[in-house]
Amino acid sequence: MKYIDEYRDRAVAQVLSHKIRDISKRPVRLMEICGTHTMAIFKHGIRSLLPDNIELVSGPGCPVCVTAMEEIDRSVKLAKTPGVIVTTFGDMLRVPGTDSSLDAEKAKGADVRMVYSTFDALKIAAENPDRETVFLGIGFETTAPTIAAAIKTAYQNHQLNFSVLSAHKLLPPAMDALLSGGDLGIDGFICPGHVTTIIGTSSYENVVTRYHIPCVVVGFEPIDILQGILMLAEQIENRRAEVEIQYKRGVTAKGNLGALRIMDDVFEPCDSPWRGLGIIPGSGLTIRQKYAAHDARARFDLEVPPAKEPSGCLCADILRGTARPVDCKLFRKVCSPRNPIGPCMVSSEGTCAAYFKYSD
Ligand code: SF4
């Protein structure tokens with residue numbers, strides 16, 4: 001297939017839907033790890049094309065949602081620091097921390113700026129040589145290479161007023177942590193096409209072997225998703241557990257070696273706190289000593305008191321796949337995209353935001 005319309009063809013979707021119904025006979029729970037898949041599943045009405053025995057649950061793949069409260073509190077502390085310009089992607093501005101948010105600090109006069117790329121933040125640093133510009137680096141393996149490239153550029157240009165607060169997350173360790181709990185009842189993973197374009201399918205082999213769970217790497221159009229679910233259903237019915245690629249137009253076993261190289265040059269794995277999942281060994285990225293001049297943690301006092309989750313918010317359970325937004329008493333009544341209580345309602349890729357927009 002070549003054109004986007006072909007990936008949204010109603011007749012092809014119906015054929016795939018029938019095939020899934022023919023093949024899948026037992027109760028099956030599939031987790032879409034990525035927030036982009038969550039939104040696409042809702043937007044295209046994928047659930048209505050599946051038999052009742054297949055349940056889709058959302059996992060911890062929305063970068064804004066999994067960023068721990070303490071990271072938000074650190075960025076708020078930075079925003080309050082005289083002479084500092086805090087830059088980040090748009091959704092992060094509205095995520096509530098323990099007592100404040102970047103948006104709230106901006107309203108009080110802090111210099112907080114939304115950017116579309118890390119290189120915009122580098123430009124801001126160049127335009128403000130007498131001030132410190134800090135970029136709040138969140139996200140998975142999809143965003144980490146470009147942030148690594150910006151750090152490397154700042155290092156090469158001796159641009160010492162630019163630093164990054166790294167709160168990056170790595171997906172395979174989170175999948176491992178989810179399964180090691182042993183009580184989720186997940187039968188297969190719908191793995192994200194964009195992350196896997198960077199890390200390659202070989203990154204999932206450990207999880208597949210250790211837990212005998214099928215993984216299929218899937219694109220984000222409706223035909224992609226239905227085909228991926230069909231591939232998972234076939235593996236489950238045949239009691240196979242393999243990594244398969246539905247998203248062949250973007251993904252290989254080895255991934256993007258150039259992107260992996262620059263990530264490895266700038267970052268090293270570290271234990272990292274996830275909202276809902278706690279500290280997961282080796283699941284974050286910290287800036288290597290060589291680039292310490294551009295590491296906000298090394299440059300600023302970022303100690304914060306223990307963070308407090310918003311009262312009544314079930315984001316932690318939703319990110320583990322053990323609750324749905326409709327299970328939260330605050331959903332729609334108190335919490336909405338205009339007045340988000342937890343991060344899952346803030347981000348356009350958040351599960352609560354998806355339920356709010358697309359479910360009755
Ligand atoms: S509806 Fe709001 S308060 Fe409830 S879990 Fe979702 S984000 Fe948290």
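Numbers here simply count residues along the sequence, with the first being 1. As the structure lists them, so they are numbered: ligands from 1, and atoms in each ligand from 1. Computed from a prediction, not measured in an experiment: that's the story for all the values here.
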Solution key, residues 165-179 side-chain donor-acceptor pairs under 3.5 Å, sequence neighbours excluded:
unit_1 : atom_1 : unit_2 : atom_2 : d
S166   : OG     : L285   : O      : 2.6
K169   : NZ     : S272   : OG     : 2.9
K169   : NZ     : P273   : O      : 3.1
D176   : OD1    : R210   : NH1    : 3.3
D176   : OD1    : Y211   : OH     : 2.6
D176   : OD2    : R210   : NH1    : 3.0

When clusters are formed by joining ILVMFWY residues with side-chain heavy atoms under 4.5 Å apart, either directly or through shared neighbours, do V28 and I23 land in the same one?
yes
Give the cluster check for V218 versus I213: same hydrophobic cluster or not, with ILVMFWY residues linked at side-chain heavy-atom distances below 4.5 Å.
no
Could you pull out the N/O/S protein atoms under 2.8 Å of atom 4 (Fe) of ligand 1, ignoring any water?
C328 SG
Residue pairs involving residues 37-70 (criterion ring pair (Phe, Tyr, Trp, His ring centres under 6.0 Å); sequence neighbours excluded)
H37-F220, F42-Y355
For E221, which of R249, K43, R8 qualifies under salt bridge (Lys or Arg N to Asp or Glu O under 4.0 Å)?
R8
The complete set of ring pair (Phe, Tyr, Trp, His ring centres under 6.0 Å) pairs with one or both residues in residues 75-128, sequence neighbours excluded, reads F89-F135
